Amino acid sequence: MLNFDLNLLLTGQYHDWLLSGLALSLQLAGITLVLALPLGTVVALLRLSPLRVLRGLGWLYVESIRNVPLLAHLLFWYFGAPELLPDQIKEWLYAGNIEALSAIIALTLYTAAYMAEDIRSGIRAVPTVQTEASRALGFGFIATMRLVVLPQALRVTVPPLLSQTLNLWKDTSVATVIGVAEMMYQAAKVESATFRSMEAFAFATSAYLAVALLITGLGAWYQHRYPVRSI
């Protein structure tokens, strides 16, 4: 008969392991979001640039990132990329927390590629007549985007960006494969130490669900508070 003893995880070192894993997962998601959003915006602007070379660079970035699994990105940045660096830098990286750094780089590049497409769609939802009017007033491409187009595109871009944030939160669990001590890693560690699989992974599942529901609720509130209308 299954003995579900949650008290085992509510006290002592196992409690600390799980909470530290939750904290690291939240940090991974938060840092990645802060880095991926501006990077995605830049890539979206590249894809809409009047210069063909820049459009090609934006397209190459998006397609090369999105068509490779996240797991492959993680393994490349942890195992492959450091081997391309000088020995001194490589030793310095391995002496530090290279696992978390590799996860942040992979998650940032991966998330930014998807966010770029959402931002590009939001920008294209703004009528072209507004861009033409801005150019007629003497604004350049960057000024037009920054002062006229992006503020309006934000309204239709926020809901899909929140959806990407939800995906990012779930994707942090994949970082366990390279030894990042996030929530799934710590849950597996507790399970190995106590053989309490049910309690350990129930905690991880509940934590993922709670944060995911919070993000979903935020998206629902935004759509109710600021309904998308035609621009």
Side-chain angles (χ1 to χ4, degrees), residues 24-85 93 98-126 141-142 144-146 149-178 180 182 184 208 211-212 215-216 218-219 222-223 228:
L24 184 54
S25 292
L26 289 170
Q27 290 174 25
L28 286 176
I31 294 172
T32 299
L33 182 61
V34 169
L35 297 176
L37 189 55
L39 178 58
T41 302
V42 171
V43 174
L45 293 177
L46 287 177
R47 297 213 63 185
L48 295 170
S49 172
L51 299 179
R52 185 175 181 179
V53 174
L54 296 181
R55 291 199 306 271
L57 288 175
W59 175 87
L60 180 62
Y61 173 85
V62 170
E63 297 304 322
S64 61
I65 295 294
R66 294 203 306 171
N67 288 295
V68 176
L70 175 58
L71 178 59
H73 287 292
L74 285 166
L75 295 176
F76 170 78
W77 286 105
Y78 181 62
F79 291 108
E83 297 302 320
L84 303 175
L85 301 173
L93 286 174
I98 188 175
E99 295 85 3
L101 178 61
S102 300
I104 289 172
I105 294 174
L107 286 169
T108 297
L109 295 176
Y110 190 79
T111 304
Y114 285 90
M115 286 186 168
E117 290 300 278
D118 291 332
I119 295 170
R120 184 169 73 102
S121 297
I123 292 174
R124 295 184 68 178
V126 178
F141 176 77
I142 298 299
T144 298
M145 289 295 171
R146 181 172 62 88
V149 177
L150 284 177
Q152 299 179 74
L154 180 63
R155 289 189 300 169
V156 295
T157 302
V158 168
L161 288 181
L162 284 173
S163 178
Q164 293 300 338
T165 302
L166 177 60
N167 291 333
L168 166 62
W169 167 241
K170 294 183 291 184
D171 286 342
T172 58
S173 62
V174 185
T176 189
V177 300
I178 58 173
V180 180
E182 45 72 63
M184 286 302 297
Y208 279 117
V211 177
I215 296 172
T216 302
L218 180 61
Y222 181 89
Q223 289 182 312
V228 177

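As the structure is a computational prediction, the values presented were derived from the model and not from experiment. Every heavy atom of this structure was used, including side-chain atoms; hydrogens, water molecules and symmetry mates were not.
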Does [X] reach the main-chain N or O of [Y] with its side chain, forming a donor-acceptor pair under 3.5 Å?
X: S173; Y: K170; value: yes
X: R55; Y: S49; value: yes
X: W169; Y: Y208; value: yes
X: Y114; Y: G40; value: no
X: S102; Y: W77; value: yes

**Minimum heavy-atom distance between V180 and A103, given as atom pair plus value** =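 In terms of heavy atoms, the two residues are closest at CG2-CB, 4.0 Å.
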Student check: side-chain heavy atoms of [X] and [Y] closer than 4.5 Å:
X: T32; Y: Y110; value: no
X: H73; Y: I65; value: yes
X: L45; Y: I123; value: yes
X: R124; Y: I119; value: no
X: L107; Y: V174; value: no
X: R66; Y: E117; value: yes
X: L109; Y: Y61; value: yes

